[in-house]
Amino acid sequence: MKNEYLLLTPGPLSTSQSVKAVMMQDFCTWDDDYNVDVVQKIRTELGRLASNNAEYTVTLMQGSGTASVESAIGSLIPQTGKLLVVNNGAYGARIAEITEYLGIESVVLEFGETESPSLAVIERTLQEEEGITHLAVVHCETTTGMLNPVAEIALLAKRFGKVMILDAMSSFGGIPFDLADWNIDVMISSSNKCIQGVPGFGFVIVKNAIMASSKGIARSLSLDLVSQWETMEKSRGKWRFTSPTHVVRAFSAALDELAQEGGIEARFKRYQQNQRLLVQGMRELGFETLLADGLHSPIITSFYSPKASNYDFKRFYDALKQEGFVIYPGKVSNADCFRIGNIGEIYREDIERLLSAIAKVKFW
Ligand SMILES: *Cc1c(COP(=O)(O)O)cnc(C)c1O
């Protein structure tokens, strides 16, 4: 069963045949074959990938990535808390929206979608604004593909004694970093991004001490992170409610494949080489990137739409799909763009074939 097209998207993304194949077997959520051998193994392995420091604990949560962000924010920020949100794209804005839904006090610093957040502005806000307890930022802002200066921002959070929350949804597993080195207290990612699994759950990696002292805060039963953690700890990998068994087993296979590839460093190199090849080839075809090269992540790239009057995204999309590639619409509010992701089971030859396909279908 081969896919008709490759997904050049920020997730769900193209997964390997072997990751898909393990989903052909059904598993029981009460059995040690599942809980101990699969779930506990995943928790240990994610903890190892996240930091050399053992002060973190890993909890898996059903739902798309946003459910895990909402679970972390709603379960770890107390009633008296106040969140400073660094917002330079749709995913930063989503964190702000979550605080509104949950009735959590927040201060939102809005930076332009094509600008790196200003450290001076963040520092001044931490100095002047009273009552801030937590700070949240997105690592790779998938809206544009921008990589935010997380280590620098987290250092400010540490200096001012704030809990640092990182949405590393689209970067964890594809970009090397150590949570302890970067002073991150809480990190969120999901099954269907750089670990290259299929969609269905997210995970939150939290400092043990924070998790242990956050009981009773949650504003939602199904998204109660601390309760989920307690159950996973006490019952050795058991989820409170039906767990997405097929997805979890696929994720376990994906983690094995990440190790076989050579770990996060090797995957990062592949993504980075693909992204550079893509940008170089697209420039030769007359496209321009939205961001300056220094701001780019190796995850996804935004290109300006061609200015030609007969250019139409849907027509371009359909033509490329016929050639075996699915690209992504733009998400930036004030620029006409489209996006091409290169995370997932994508190799140099795929990018080369994509560039030839774009040259072939170019109708404007
Ligand atoms: C994908 C993504 C999310 C989560 O999106 P879902 O559609 O809920 O899976 C959150 N933040 C970032 C930066 C992302 O790239």
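Both counts, for ligands and for their atoms, begin at 1 and track the order of listing.
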Using a strict cut-off of 4.0 Å, indicate which atoms of ligand 1 neighbour a heavy atom of [X].
{"X": "Ser170", "answer": "15 (O)"}
{"X": "Cys140", "answer": "13 (C)"}
{"X": "Val138", "answer": "13 (C)"}
{"X": "Arg94", "answer": "5 (O), 8 (O)"}
{"X": "Thr66", "answer": "4 (C), 5 (O), 6 (P), 8 (O)"}

Is any side-chain N of the basic residue among [X] and [Y] closer than 4.0 Å to the acidic one's carboxylate O?
{"X": "Glu97", "Y": "Arg94", "value": "no"}
{"X": "Lys314", "Y": "Asp318", "value": "yes"}
{"X": "Asp336", "Y": "Lys307", "value": "no"}
{"X": "Glu230", "Y": "Lys215", "value": "yes"}
{"X": "Arg219", "Y": "Glu70", "value": "no"}
{"X": "Glu261", "Y": "Arg270", "value": "yes"}
{"X": "Lys82", "Y": "Glu130", "value": "no"}

Return the residue, atom name and 0.1 Å-rounded distance of the protein heavy atom closest to [atom].
{"atom": "atom 13 (C) of ligand 1", "value": "Thr142 OG1, 3.3 Å"}
{"atom": "atom 9 (O) of ligand 1", "value": "Gly65 N, 3.0 Å"}
{"atom": "atom 3 (C) of ligand 1", "value": "Met169 CG, 3.4 Å"}
{"atom": "atom 2 (C) of ligand 1", "value": "Lys193 NZ, 2.6 Å"}
{"atom": "atom 11 (N) of ligand 1", "value": "Asp167 OD2, 2.7 Å"}

Does CD belonging to Gln322 count more than 12 external heavy atoms closer than 6.0 Å?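 Counting other residues, nucleotides and ligands, CD of Gln322 stays at 12 neighbours or fewer.
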Is there any N or O on Ser64 that sits under 3.5 Å from an N or O of ligand 1? yes
